[in-house]
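Not measured: the values here are computed from a predicted model.
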Amino acid sequence: MYKVLLVDDERMILDGISVIVDWNQHDTSLIGKAMNGLEAYDFITKQQPDIVITDITMPGLDGIELVKKAKQDYPSIKWIFLSGFSEFEYARQAMRFGVKHYLLKPCNEVNISEALDDVVQEIREEEEAVKYMKAMEEEVTKNTVNECEEVLKQFFIYEQITEKSQSKMKQMVEGLYSSEPFFFWMLFIEGKITYDQINQLIETINRSFLNEQVVTTLIENKVVVMMRHSPAYQKTIKDILQAELGPYTLSTTSVFSKDFTKDQIEKIPTLDEMVQQVFYQPKHSDIPSQNWIHFHEKLQPDIEIDLDTIVYYLKKQQKKDAVSYLIDFVDKLKKHKVAPKITRGYFIQIYLLLMSKLAHHSTEDRVQAIGQMEDYQHISDFVTFFEKLFERMIIQDQTPQKYSKVVRQMLTCIEEEIENPALSLQWLANHCLYMNADYLGKTFKKEIGQRFSSYVTNARINKAVEIIEVEQDIKVFELAERLGFGNNPQYFSQIFKRMKGFTPSEIIKSNEG
């Protein structure tokens, strides 16, 4: 059983979640509840739970500060964050501390159960990985070959090459190759593969190159091989991969370095530099050293993408044209050899700006999407991501929502009175439908999935985005007045940013550009 701590400053939510979730079913046990961050941290120090489900915004010590503080002494704890609608900036902060699960309130049993299952699976996989690594470490002590593997792993794991790691590497190279040239081969594996399969692959590589003094190690999903130079190495490697990986549906790419000698240790590329070479090449290919790309760290002035063109295609439901336009942009990035890090960040910006322009798609899980894109190691993954995104947007626009007559009337009234500062559930009940406000509120939440006030706020912010697109010179205080926020433009901007990830001023400025 994995121990769970639940944290929320709202008693109803705290008690509600503790009751609705069948903790045993997920191999978990709820061992405690806390109503603020300070109380939660005290509990963590005493009980050390495996999983913490916590609200983000709490008095005293909020969720971000709680995870920041706890990470130092209890790094193995897994976190699930709960918070209000689209508090995007908080979610991004949470991601920096390794938080992968972010649930929006109100969340039901299904949402929490799915997150719990994911976290428990993650813990189990880490436990298996630890067991595997311990077994590997025991093998390391048995013979010199395994000691070499450890030296190679340590050399590539750290971003900065230290004098100690460089000295160990040079000593190992002298013992293996003397003054003969050697090179590196990295096998980049995409898709799931078991440790047994990887172990079998590594053993096959070592066995196939006995005369070349091979050293092989595994770093995450990358097999790194150091071996003596041989004219026929590429063909032999292809044959090995075809024989070993043929039965599995895996996509692998091989990256080969140039040759080095024992006096060129400092010139050996980093693991990240080898991984970057995969970015623009076709998947499942072989990349020899002469085909390595020298990347540029800045975007050239002629590399631009017009988001309005993509928005136009999507509104016209022309997915093929939108994808084609995106692919043309990708071809420019390839041609100019833009560094993967820069390209990755640029695509994330494109996604966020696209979400701000197509405001009615605000239900997109932006945090999860950005997490995915930050992990992409191949340009084609971004094309696939946006192709699926365009498809979802078009389908969403084509699919009519079916609500009861009274809810349809409420939605119509909201649309017509969106600029009315007096618009509220009680006002609508008294002036539009002449029905009981409590009944209307419960019916609305049941069918729409959120409270009336939250929906109105969201609709007003979406309306603000539409107004900005049409009236590009509009002022923020004018927007606030027109959309029922009175003479409080600062509050309006705060709500806008929390829901859209940008301030209205930033969107106005981006449209001007």
Side-chain angles (χ1 to χ4, degrees), residues 144-189 201-245 252-296 337 339-340 377:
T144 307
V145 174
N146 285 343
E147 289 178 5
C148 292
E149 291 178 7
E150 188 64 19
V151 170
L152 185 65
K153 175 177 289 188
Q154 294 301 319
F155 183 82
F156 280 111
I157 278 179
Y158 298 108
E159 293 183 8
Q160 299 293 329
I161 298 176
T162 64
E163 289 185 11
K164 184 177 180 180
S165 64
Q166 194 171 3
S167 175
K168 283 188 175 182
M169 187 72 167
K170 186 172 183 178
Q171 184 179 357
M172 179 177 70
V173 167
E174 284 179 334
L176 292 173
Y177 311 120
S178 185
S179 298
E180 294 181 90
F182 62 94
F183 73 99
F184 295 91
W185 162 44
M186 183 198 73
L187 180 63
F188 184 81
I189 302 173
L201 174 61
I202 290 175
E203 288 178 0
T204 302
I205 293 171
N206 292 334
R207 194 167 54 248
S208 302
F209 294 101
L210 287 176
N211 297 328
E212 276 73 37
Q213 295 284 28
V214 169
V215 181
T216 310
T217 192
L218 173 67
I219 303 174
E220 295 178 340
N221 63 332
K222 296 165 281 290
V223 176
V224 180
V225 183
M226 181 175 72
M227 59 190 294
R228 191 196 316 270
H229 175 75
S230 169
Y233 68 81
Q234 252 181 293
K235 182 180 183 306
T236 307
I237 288 171
K238 285 183 180 179
D239 292 342
I240 291 172
L241 293 180
Q242 187 172 3
E244 291 301 312
L245 297 179
T252 62
T253 298
S254 295
V255 180
F256 302 95
S257 78
K258 67 178 185 178
D259 292 346
F260 300 94
T261 65
K262 65 178 182 179
D263 298 320
Q264 297 175 310
I265 301 297
E266 72 281 355
K267 295 183 179 180
I268 295 173
T270 65
L271 185 62
D272 184 59
E273 287 172 333
M274 286 193 276
V275 171
Q276 286 186 51
Q277 295 302 321
V278 176
F279 197 74
Y280 288 117
Q281 300 288 357
K283 289 189 175 183
H284 202 65
S285 61
D286 300 313
I287 308 171
S289 60
Q290 59 267 30
N291 289 352
W292 276 39
I293 298 172
H294 177 69
F295 296 109
H296 300 294
K337 303 174 183 177
Q377 299 294 341

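- Judged as a salt bridge (charged side-chain N to carboxylate O under 4.0 Å, His left out), and not counting sequence neighbours, the contacts of K283 are E190, D381.
- Counting non-hydrogen atoms of other residues, nucleotides and ligands closer than 6.0 Å to CD of Q290 gives a total above 12.
- Under the side-chain hydrogen bond (donor to acceptor under 3.5 Å, both in side chains) rule, E180 has a single partner from K262, H229, Q213, R228, which is R228.
- Counting non-hydrogen atoms of other residues, nucleotides and ligands closer than 6.0 Å to NZ of K258 gives a total of 12 or fewer.
- Evaluation of the salt bridge (charged side-chain N to carboxylate O under 4.0 Å, His left out) rule for D286 yields K238 as partners, not counting sequence neighbours.
- Around atom CD of Q171, no more than 12 heavy atoms belonging to other residues, nucleotides or ligands sit under 6.0 Å away.
- For the ring pair (Phe, Tyr, Trp, His ring centres under 6.0 Å) test, residues two or more places apart in sequence or in another chain that qualify with F182 are Y177, F184.
- Between the side chain of E149 and the backbone N or O of V215, no donor-acceptor pair lies under 3.5 Å.
- Evaluation of the salt bridge (charged side-chain N to carboxylate O under 4.0 Å, His left out) rule for E273 yields no partner, not counting sequence neighbours.
- In terms of heavy-atom proximity, I219 sits nearest to F156 at CD1-CB, 3.7 Å.
- With contacts defined as side-chain heavy-atom distances shorter than 4.5 Å, the pair L271/K222 qualifies.
- Partners of F183 according to the ring pair (Phe, Tyr, Trp, His ring centres under 6.0 Å) rule, which considers only residues two or more places apart in sequence or in another chain, are Y233.
- Taking the salt bridge (charged side-chain N to carboxylate O under 4.0 Å, His left out) definition, one finds that K168 meets it with nothing, sequence neighbours left out.
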